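Order of the sequence lines sets the chain letters (A, B, ...), proteins ahead of strands, with each chain counted from 1. What you are looking at is a predicted structure, and each value in this text was computed from that prediction instead of being measured. Quick note: numbers below take in every heavy atom, side chains included, and nothing from hydrogens, waters or symmetry partners.
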2 protein chains.
Amino acid sequence: MQIAILLYPGFTATDAIGPYEVLSRLPGARTVFVAATPGPVTSDTGFLQVLAEPLSAAPAPAVVVAPGGPTARVPTGDVVVLDWLRAADRTSTWTTSVCTGALLLGAAGLLRGRKASTHWEDRDLLATHGATAVDARYVFDGKVVTAAGVSAGFDMALALAARIAGDRVAQAIQLGIEYDPQPPFDAGSPRTAPPEVLALVRSRARP
Amino acid sequence: MQIAILLYPGFTATDAIGPYEVLSRLPGARTVFVAATPGPVTSDTGFLQVLAEPLSAAPAPAVVVAPGGPTARVPTGDVVVLDWLRAADRTSTWTTSVCTGALLLGAAGLLRGRKASTHWEDRDLLATHGATAVDARYVFDGKVVTAAGVSAGFDMALALAARIAGDRVAQAIQLGIEYDPQPPFDAGSPRTAPPEVLALVRSRARP
């Protein structure tokens with residue numbers, strides 16, 4: 001079972017690494033990081049470089065993961081990447097995204113008529129791709145699975161691991177990575193964050 | 001403020017990327033991944049390579065992060081890495097670990113007389129380094145901060161971000177990465193995992 005994780009300059013690291021950490025631990029999984037330009041790919045902060053193989057290393061993956069990042073918001077996208085996403089989706093068992101990776105799936109035409117999630121700040125952009133935005137940590141719609149922002153990839157990937165290999169395997173992966181989250185604040189959602197924190201984050205958002 | 005994240009062959013990706021995702025978003029932070037052998041460093045699954053700079057790129061970081069991984073359990077460790085950890089700790093503001101990264105801090109002699117956390121499966125090994133094991137998501141003991149397994153680095157780093165830059169900044173980072181965890185199962189701790197899942201993970205553990 002090949003799991004292909006798309007990289008591109010400006011990707012958000014956890015969007016890619018969260019699903020990787022969970023799905024790569026599935027029995028029989030072979031995970032590959034791919035990019036239109038192989039070699040080191042720099043994340044959104046500029047501080048991290050992950051090595052990628054060419055897109056041709058994953059011609060027909062069983063699972064596709066599209067991470068988000070500030071550059072995923074560019075509506076036209078990279079034609080080579082969108083062509084690869086469309087081709088991979090034709091034979092994939094699961095096509096997935098984290099955060100604004102949903103906008104890449106959308107730009108590739110893969111979200112038309114589907115329910116989908118994305119980062120809370122970008123939910124209104126899903127409609128431009130013919131998708132119905134859902135306020136959920138992750139959404140399964142047929143074989144397309146979309147997660148909310150950044151850290152939601154862990155939750156989505158565990159739910160997907162259960163669909164692929166059963167609850168017990170998913171739970172064993174969760175226990176292995178000690179995913180028993182205890183954030184020191186309850187500020188991870190616009191519903192729970194203090195109003196001044198929400199205003200601060202909104203003021204820094206999209207130009 | 002330089003944040004140095006140690007890499008070594010066999011590191012667990014999320015142990016490094018969780019703190020990176022949070023701490024790299026602190027105002028004025030410059031994050032650097034360093035390793036005894038610079039260049040691509042392969043993670044524990046064999047599927048991921050992250051580029052590292054030499055240890056000399058971080059001679060006196062403000063924050064040190066030691067991630068865990070199966071290879072961190074080797075008690076003697078890599079002398080060059082342990083020397084770097086000791087030297088970095090001499091001038092650091094915070095010396096931190098995630099998962100079995102605590103065993104690296106321990107091997108460097110940095111946990112003597114301290115309370116510490118680590119992956120739930122390895123808590124008994126802390127005593128060999130003179131530390132007192134604590135069953136906690138993360139433990140602050142002076143300037144040394146140790147987190148539980150893999151995913152606990154997010155919680156630890158948010159708590160540390162609050163100490164460094166205040167609650168509001170930490171909460172804004174949490175909201176930005178939408179860290180509002182909703183795991184599909186309550187199996188992330190040996191206290192909550194179904195007994196057969198606990199047995200399954202234990203049977204795969206250390207030889």
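Between atom CD of residue Glu121(A) and atom CD of residue Glu178(B) there is a gap of 9.0 Å, rounded to the nearest 0.5 Å. We find the CD-OG1 distance between Glu21(A) and Thr45(B) to be 7.5 Å, quoted to the nearest 0.5 Å. Thr12(B) contributes atom OG1, which lies 11.5 Å from atom CD1 of Ile17(A) (distance to the nearest 0.5 angstrom). Here CD of Gln171(B) is found 7.5 Å from CD of Glu196(A). Values are rounded to the nearest 0.5 Å.
Between Arg168(B) and Val197(A), the closest heavy-atom pair is CD-CG2, 3.4 Å. Nearest heavy-atom pair across Tyr20(A) and Phe47(B) is CE1-CB, 4.2 Å.
For chain B, the nearby parts of Val50(A) are the backbone and the side chain; heavy atoms of each come within less than 4.5 Å. Using a 4.5 Å cut-off between heavy atoms, Pro194(B) contacts chain A through its side chain alone, with no backbone atom that close. Both the backbone and the side chain of Ala172(A) come within contact range of chain B, each with at least one heavy atom under 4.5 Å from a heavy atom of that chain. For Thr192(B), no part sits under 4.5 Å from any heavy atom of chain A, backbone or side chain. Using a 4.5 Å cut-off between heavy atoms, Leu48(B) touches chain A through backbone and side chain atoms alike. Looking at Leu198(B), both its backbone and its side chain come within 4.5 Å of chain A, counting heavy atoms on both sides. Contact of Ala29(A) with chain B is made through the backbone alone, with heavy-atom distances under 4.5 Å.
Heavy-atom neighbours of Lys143(B) NZ from other residues, nucleotides or ligands within 6.0 Å: above the threshold of 12.
Looking at Arg191(B) and Asp180(A), their side chains come closer than 4.5 Å, going by heavy atoms from C-beta outward. Looking at Asp167(A) and Phe185(B), their side chains come closer than 4.5 Å, going by heavy atoms from C-beta outward. Pro183(A) places a side-chain heavy atom less than 4.5 Å from the side chain of Pro181(B).
Ranked by non-hydrogen atom pairs under 4.5 Å with chain A, the options Val169(B), Asp15(B), Val32(B), Leu51(B) are led by Leu51(B).
Residues of residues 154-166 of chain A lying under 4.5 angstrom from chain B, judged on non-hydrogen atoms, are Phe154(A), Asp155(A), Leu158(A), Ala159(A), Ala162(A) in numerical order.
Trp120(A) places no side-chain N or O within 3.5 Å of a backbone atom of Gly176(B) that could act as its donor or acceptor partner.
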